[in-house]
Amino acid sequence: MTSPQKTTQLPKNYDPKAVEPRLYEFWERSGFFHEDPDPARPPFIIPMPPPNVTGRAHLGHGSTYTPQDVLTRYHRMLGDNADWLPGLDHAAIATESVLVRELAAQGISRDSLGRDGFIERAWEWSRTTGGTIDAQFRTLGFGPDWQRSRFTMDEGLSSAVRKVFVALYREGLIYRGKRLINWDPKGKTTVSDAEIDHIERDAHLWHVRYPSKDGSFAIEIATTRPETMLGDTAVAVHPEDERYAALVGKHVVLPLIGREIPIVADAAVERGFGTGAVKVTPAHDPTDYEIGLRHKLPMPTILDSDAKISGAEIAVGPYAGLDRYDARQRIVDDLRVAGLLIKEEAYRHSVAVSERSGEVIEPLLSLQWFVTMKPLAEPALQAYRDGRLRFVPERYGRTYEQWLENIRDWNISRQLWWGHQLPVWYTPDGDVVVAETEDEALEIARTRYNGAPLTRDPDTLDTWFSSGLWPFSILGWPEQTPELQCWYPSQVLITGWEIIFLWVARMVMLGMHFLGRVPFPTVFIAPLVFDAQGRKMSKSLGNAIDPMDLVERYGADAFRMGILRQMRLEGQEIRFQESRCEEARNFNNKIWNATRYVLSLPEGLPRAMTLPKDADLTVADKWILTRLHETIASISERFDAFDFGNAADAIWRFVWYEFCDWYVEATKVPQNHTTRAAVLSFVWNNAMRLLHPIAPFISEEVWLALPHDGVTIMTATWPDRLEVALDREAATLFETHMAATEQIRRLKQELELPLGSKPATKLPGDLASLAQLTAYTEAAAGAVITVDPKLEGGIAAIVVEAPATLLLERYRKDAIRLRSEVQRSESKLGNGDFIAKAAPNVVTKEREKLDAYRNELARVESALAAMGETA
RNA sequence: GUGCGUGUAGCUCAGUGGGAGAGCACCACCUUGACACGGUGGGGGUCGUAGGUUCAAUCCCUACCACGCACACCA
């Protein structure tokens, strides 16, 4: 143990850089983060949302991962079988697009490398950059069980992916079909509905005339996408629209192309919008696709994978090969020349954009793989409705419910190379073979298709397919491992609301389908982090803050504390203020210096952490112990309720405003010397344990320097409030004295009384002796202060004897304030309805308040009268 | 369009059916046995607007305004 002599030499300022890396290394080397399944203890498992393998820490990790670390540390101290299971996600699209860009910078194209070469590069890249975020997490003090870290592309998880795919296929829940999908022309791949943003953009609405062949009539349509008219196969109007009723069933000629198309009636058309008539391009618009299905219309595709006009399926005139936007301009021009463009108006509407690439999504009819979602969604909905799955805050549950109720089939095939290749093979005749391994596929081909040669489907699976298995695949499923038996389901999942659909809902559906139980009973949705103006942090805006910079400036503890104190239970966002980290650094410095004080007591600290007998404790001792008791209860409750902001505030208040500002000061007066060493070290040791989940480093450093049991605070027991005596009566007495002291100090400064440190000699009974126990017994020279401790709520009446001129103004102000309070209170108590209808204790309290005000007013008025003032 | 959230001190945000709060910023004072990354005190708000319920509303209800978010097939 560190001796007081040595610790007095501690530097005045706490330096996290000298502490944090050393302690983290100690913890990891000692295996404190590691845990094995133990059925004898309650499990507390959090599956970490796997960050992208090539990702870097950002502030969002602060709000979503710090709580996971906090809860894991808290539950470990509670003695639970606590483990935080980390890992990395291969992040198919994100990784592949970044790698393609990097390669391009070196003059290498994806295709020139070939599939195997590209994948080899991707692996190499993952291995070299994949450690970055893990190292950053260590810097932040995050302590997951690194030995159990998994990667979505590692062999175990990949085989789980294949198993799930094959199982769902054989159950008929995975199918291949030609459907309208979302095509990202930049990323050259499909994306799922959940990966699309709708963004408002300025555009145009063009009115175009579609004439009949014989010129006897024409119909005018409105469109934002004239280029898709090349693929029109109908014009639709509302069935009850009288303007067009006579035209339904007739044909018009597609301008510029000359193809005849029918006019159909469909309820999807809004009569009030545009002209009430709409062109129908089934292969390139979701609504039109539905109309096309209902009317059995042809569905020619006119755009290729580059979003260029293609005449492969139908004649597209001179526009073949043009980019979609060039074609739009050309067609508008040509329509104008042909006299068929009636009107062009400015129009603002929302456009579907790929979340990842920002490219405008092109709806395309394409042969892809899908998961039938309805049968999977039903149990996931049921689990939410009957309470087996709950969200904190609750409102996110309704979001989840709404999405599952309207769920559509999930397009899972991607035209990427980096990912899990579909376990699907085709025979030359187009027969489909689905198998977990190539050997199995060949075996099927041999027995069922006469040994036909097989070609593997080149597509890979949506990243979220493998992450959807995360809560059980990381535990070794499908093997019945001890981990799976003890740790599934886990206890809580913590993430941001932006991936409730992409990830959370899918984990619930797949977990329930394959293991029969929800993967976690509780989902805590942490707030997202924005800048102080509420804008999203981004590189392009230049407002992004790198958490590593904050750690560099303030330390990891300060970063964690700074961000947690900005979290509110119902909040959906944090407007991040760096000043909060600075405050937290100051807080740590406060802790450091309080520790220097404790360690430098001349009498030294007791070797063991024991308290003096109750009878020997002073009022100040009883007060701080009572507050410790209450703070333990408060922090525990708040951690249990995911209320990290208030938990952090509670320890903050206790440490700074109660322990440092009042108790430490109280220990400086001689009357407190006999018990102070024991109480200071006991309370400070407990405070460090309460702080540890939030600020792991400084709490460990201080705890190790104090009397303690064990080798690390990480496995110390969570403070038990029942071991700390609660004496509310003594505490309230001390708090009354605190309030009185504050009033005395206020008077001293307001009245500009000369400073004096003479003890107040005329304090009545209890308070006189109590005042001896604090360092704040300062009475101003020449002033006599009396305090009435009997008043409710710590309100103390104070009479100061001082030069009359100084007092006069003060008393006048007091009299004004008190008269208004008395008046307010009297009118309230004079109201018969108030007496009759208000709760009795409220009335009693009001009477007591009135008495107190009257007494104080009487005192002030008699003082004024004595000075010759009349009321 | 539908749903959700938010509007309280200059800033960021707590909070409560019965006397408006914190931190930062600001002002003044203070080196007092740990801490100036400190201590003490102070100024500052018609609790978005308008109604309603209630003995009593910043808090509950309704409408409106402003901002944010999610969902949605108005081309």
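Only heavy atoms go into these numbers, but all of them, side chains included; no hydrogens, no water, no symmetry mates. To find a chain, count down the sequence lines: A is the first, B the second, and so on, and within it residues start at 1.
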Peer 1: RNA chain B: A:T595 or A:D649, which has the more 5' nearest nucleotide?
Peer 2: A:D649
Peer 1: What do the steps show when you test A:Y14 against A:T595 for side-chain hydrogen bond (donor to acceptor under 3.5 Å, both in side chains), and what is the final call?
Peer 2: CA-CA 11 Å; A:Y14 175 63; A:T595 306; over 6 Å; no
Peer 1: How would you label the contact of A:E498 with the nucleic acid (heavy atoms, under 4.0 Å): base, sugar-phosphate, or nothing?
Peer 2: nothing
Peer 1: A:D661 has an atom CG; how far is it from atom P of B:A22, in whole Å?
Peer 2: 14 Å
Peer 1: Could you walk me through whether A:K536 and A:E573 satisfy the salt bridge (Lys or Arg N to Asp or Glu O under 4.0 Å) test, starting with their C-alpha distance in whole Å, then the side-chain angles of each, then the deciding distance to 0.1 Å, before giving a yes or no?
Peer 2: CA-CA 10 Å; A:K536 205 164 185 167; A:E573 64 173 44; over 6 Å; no
Peer 1: Would you kindly give the CG-to-C1' distance between A:N589 and B:G38, to the nearest whole Å?
Peer 2: 9 Å
Peer 1: Can you tell me the pairing partner of B:A36 across any strand shown, Watson-Crick or G-U wobble, with both distances under 3.5 angstrom?
Peer 2: none
Peer 1: Between B:A22 and B:G3, how far apart are the P atoms? Round to whole Å, please.
Peer 2: 39 Å
Peer 1: Is there a salt bridge (Lys or Arg N to Asp or Glu O under 4.0 Å) between A:K849 and A:E846? Walk through the geometry before answering.
Peer 2: CA-CA 5 Å; A:K849 275 194 309 200; A:E846 192 61 39; 3.3 Å; yes
Peer 1: Tell me, with the steps shown, if A:R575 and A:Q566 meet side chain to side chain contact (heavy atoms under 4.5 Å, CB included).
Peer 2: CA-CA 8 Å; A:R575 296 197 171 189; A:Q566 294 180 71; 5.9 Å; no
Peer 1: Once rounded to the nearest 0.5 Å, what's the spacing between atom CD1 of A:I698 and atom CZ of A:R585?
Peer 2: 12.0 Å
Peer 1: Which base sits across from B:C24 as a Watson-Crick or G-U pair, both distances under 3.5 Å?
Peer 2: B:G10
Peer 1: Whole angstroms only, please: what is the CD-C1' distance between A:E394 and B:G5?
Peer 2: 15 Å
Peer 1: Tell me the interatomic distance from A:Y14, atom OH, to B:A36, atom P, rounded to whole angstroms.
Peer 2: 17 Å
Peer 1: Could you check whether A:R585 gets within reach of a base, just the sugar-phosphate, or nothing at all, counting any heavy atom under 4.0 Å?
Peer 2: base
Peer 1: Nearest to the side chain of A:N831 - B:C35, B:C37, B:C55?
Peer 2: B:C55
Peer 1: Check nucleotides 31-33 of chain B against the protein and report each pair of N or O atoms closer than 3.5 Å, with its distance, or say if there are none.
Peer 2:
from, atom 1, to, atom 2, distance (Å)
B:G33, O6, A:K668, O, 2.0
B:G33, O6, A:H673, NE2, 2.9

Peer 1: Considering only atom P, compute the distance from B:A57 to B:G42 and round it to an integer number of Å.
Peer 2: 30 Å
Peer 1: When rounded to the nearest 0.5 angstrom, what is the spacing between CG in A:L564 and CH2 in A:W652?
Peer 2: 11.5 Å
Peer 1: Write down the distance separating the C1' atoms in B:C60 and B:U54, rounded off to the nearest Å.
Peer 2: 10 Å
Peer 1: Without decimals, in angstroms, what is the distance between A:K845 NZ and B:G17 P?
Peer 2: 12 Å
Peer 1: Look at the rings of A:Y400 and A:F391 and say which category their plane angle falls in: under 30° parallel, 30 to 60° tilted, over 60° perpendicular.
Peer 2: tilted
Peer 1: Does OP1 or OP2 of B:C35 have a side-chain N or O of A:N13 closer than 4.0 Å?
Peer 2: no
Peer 1: Which one is paired to B:G17, where only Watson-Crick or G-U wobble pairs with both distances under 3.5 angstrom count?
Peer 2: none
Peer 1: Return the CD to CG distance between A:E821 and A:L850, rounded to the nearest 0.5 Å.
Peer 2: 10.5 Å
Peer 1: Could you work out the separation of B:G39 and B:G33 based on their C1' atoms and round it to a whole Å?
Peer 2: 15 Å
Peer 1: Work out how far the C1' atom of B:G1 is from that of B:A72, and round it to whole angstrom.
Peer 2: 8 Å
Peer 1: Rounded to the nearest 0.5 Å, how far does CD1 of A:I500 lie from CD of A:Q402?
Peer 2: 11.5 Å
Peer 1: About how many Å separate OG1 of A:T281 and CD1 of A:I302, when rounded to the nearest 0.5 Å?
Peer 2: 7.0 Å
Peer 1: Determine the Euclidean distance between corresponding C1' atoms of B:U46 and B:U58; express it in Å to zero decimal places.
Peer 2: 11 Å
Peer 1: Which letters describe nucleotides 69-75 of chain B, given B = protein heavy atom under 4.0 Å from base, S = only from sugar-phosphate, - = neither?
Peer 2: SSS-BBB
Peer 1: Mind checking whether A:F659 and A:F654 have parallel, tilted or perpendicular rings, split at 30° and 60°?
Peer 2: tilted
Peer 1: When the P atoms of B:U16 and B:G7 are considered, how many whole Å apart are they?
Peer 2: 13 Å
Peer 1: On the side chain of A:K590, is there an atom forming a donor-acceptor pair with the base of B:C35 - under 3.5 Å, no angle test?
Peer 2: yes
Peer 1: Evaluate A:H207 against A:E345 for side chain to side chain contact (heavy atoms under 4.5 Å, CB included), listing each step before the verdict.
Peer 2: CA-CA 8 Å; A:H207 291 234; A:E345 54 184 328; 3.0 Å; yes
Peer 1: When rounded to the nearest 0.5 angstrom, what distance separates CZ in A:R565 from CZ in A:R568?
Peer 2: 8.0 Å
Peer 1: Rounding to the closest angstrom, what is the interatomic distance between B:A20 and B:U8 at atom C1'?
Peer 2: 9 Å
Peer 1: Nearest to the side chain of A:N586, which nucleotide is it out of B:G38, B:C35, B:A14?
Peer 2: B:G38
Peer 1: How close or far is atom P of B:A56 from atom NZ of A:K828, stated in whole angstroms?
Peer 2: 11 Å
Peer 1: Taking only the side-chain heavy atoms of A:R575 (C-beta and beyond), determine which of B:C55, B:A34, B:C13 contains the nearest atom.
Peer 2: B:C13
Peer 1: Within this structure, what is the CD1-to-P distance between A:I698 and B:C35, rounded to whole angstrom?
Peer 2: 15 Å
Peer 1: Could you write out each protein N or O paired with an N or O of nucleotides 23-27 of chain B at a distance under 3.5 Å?
Peer 2:
from, atom 1, to, atom 2, distance (Å)
B:G23, O2', A:E583, OE1, 2.7
B:G23, O2', A:E583, OE2, 2.7

Peer 1: Across all strands, who's sitting opposite B:U2 as a Watson-Crick or G-U wobble pair, both distances under 3.5 Å?
Peer 2: B:A70
Peer 1: With a non-hydrogen cut-off below 4.0 angstrom, is A:A836 in contact with a base, only sugar-phosphate, or nothing?
Peer 2: nothing
Peer 1: Check every strand shown and say whether A:V280 touches a base, only sugar-phosphate, or nothing at a heavy-atom separation below 4.0 Å.
Peer 2: nothing
Peer 1: Within the 4.0 Å heavy-atom criterion, would you say A:R568 contacts the bases, only the backbone, or no part of the nucleic acid?
Peer 2: sugar-phosphate
Peer 1: Could you tell me how far apart A:I835 (CD1) and B:A56 (C1') are, to the nearest whole angstrom?
Peer 2: 12 Å
Peer 1: For A:R408 and A:D193, run salt bridge (Lys or Arg N to Asp or Glu O under 4.0 Å): C-alpha distance rounded to whole Å, both residues' side-chain angles, the deciding distance at 0.1 Å, then the answer.
Peer 2: CA-CA 9 Å; A:R408 284 181 290 177; A:D193 294 337; 3.6 Å; yes
Peer 1: Would you mind pulling out the nucleotide paired to B:A50, Watson-Crick or G-U wobble, both distances under 3.5 Å?
Peer 2: B:U62
